[in-house]
Amino acid sequence: MPAHRRCVIIGGLGFPVLFELRREFRTPKFWSMHTKLVLLGSATLLAGGTVFLTAAEWTNPATLGALPPGERVLGGFFQSTITRTAGFNSIDISQMHPVSWLGMDILMFIGGGPAGTAGGLKITTFAVLFFIMATELRGGTAVNIFGKRLSRAVHRQAITVVLLAIALITRPPCS
């Protein structure tokens, strides 16, 4: 992978993750919950975003559809990556299908790792909400991530951040 693409992904992980990986790269069992959440969340969003955007735009001749198959996948990967981190584009976004815009909005809303170059809610906040929801659906009482229990304060903070973000995004325009 070219260096500029690696830098965009690495910048989206956040400095705390990068510092921890520098110290403990060969010993993942010592990684913090934060680092594990950011790495797992980043990989999931990169893969999921790539599949979604590539599939949604595969036959669109104004975006990825005009490219050879390998370049379509690469274009979908680039757009998925850059949407969460740097905000550039390699295809004409105005020509994308509305479902692709929605997918990109979701990727931008989630964003990247805390203290990194990406915007959004942050992967860790989204992951905490995901684990809270999974615990509720299973009928559990305690939220555990990677064998560690989350405090109720972390639950409240994540829910508050998400609700405030949604309120800011969906508020009516000022007159």
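Each residue takes its place number in the sequence, starting with 1.
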State, yes or no, whether a side-chain contact exists between [X] and [Y] at a heavy-atom distance under 4.5 Å.
{"X": "L150", "Y": "M33", "value": "yes"}
{"X": "S42", "Y": "L13", "value": "yes"}
{"X": "M104", "Y": "I93", "value": "yes"}
{"X": "T44", "Y": "F130", "value": "no"}
{"X": "V8", "Y": "F78", "value": "no"}
{"X": "P114", "Y": "V38", "value": "yes"}
{"X": "I82", "Y": "N89", "value": "no"}

Under 4.5 Å between side-chain heavy atoms, counting indirect links through other Ile/Leu/Val/Met/Phe/Trp/Tyr residues: same cluster for [X] and [Y] or not?
{"X": "I110", "Y": "V162", "value": "no"}
{"X": "M133", "Y": "F131", "value": "yes"}
{"X": "L121", "Y": "I169", "value": "yes"}
{"X": "F126", "Y": "V161", "value": "no"}
{"X": "V99", "Y": "V51", "value": "no"}

Using modelled atom types only, decide if a donor and an acceptor are shared between the side chain of [X] and the backbone of [Y] within a distance under 3.5 Å.
{"X": "N60", "Y": "Q95", "result": "yes"}
{"X": "R84", "Y": "M108", "result": "no"}
{"X": "E20", "Y": "S32", "result": "yes"}
{"X": "T83", "Y": "L107", "result": "no"}
{"X": "E57", "Y": "H97", "result": "yes"}
{"X": "W31", "Y": "E24", "result": "yes"}
{"X": "R72", "Y": "W58", "result": "yes"}

Which pair of non-hydrogen atoms, one from [X] and one from [Y], has the smallest distance, and what is that distance?
{"X": "L64", "Y": "T54", "answer": "CD1-CA, 3.9 Å"}
{"X": "A127", "Y": "L37", "answer": "CB-CD2, 3.7 Å"}
{"X": "G12", "Y": "A118", "answer": "CA-CB, 4.3 Å"}
{"X": "G119", "Y": "K122", "answer": "O-NZ, 3.6 Å"}
{"X": "V143", "Y": "H155", "answer": "CG2-CE1, 3.3 Å"}
{"X": "A66", "Y": "P61", "answer": "CB-O, 3.4 Å"}

Quick check for you: to the nearest 0.5 Å, what is the distance between [X] atom [atom1] and [Y] atom [atom2]?
{"X": "T27", "Y": "L21", "atom1": "OG1", "atom2": "CG", "result": "10.0 Å"}
{"X": "L129", "Y": "I159", "atom1": "CG", "atom2": "CD1", "result": "6.5 Å"}
{"X": "S100", "Y": "I91", "atom1": "OG", "atom2": "CD1", "result": "7.5 Å"}
{"X": "T141", "Y": "E136", "atom1": "OG1", "atom2": "CD", "result": "9.5 Å"}
{"X": "Q79", "Y": "F77", "atom1": "CD", "atom2": "CZ", "result": "12.0 Å"}
{"X": "L45", "Y": "T50", "atom1": "CG", "atom2": "OG1", "result": "10.0 Å"}

Just checking [X]: does its [atom1] atom have more than 12 heavy atoms from other residues, nucleotides or ligands closer to it than 6.0 angstrom?
{"X": "F109", "atom1": "CZ", "value": "yes"}
{"X": "F52", "atom1": "CZ", "value": "yes"}
{"X": "F88", "atom1": "CZ", "value": "no"}

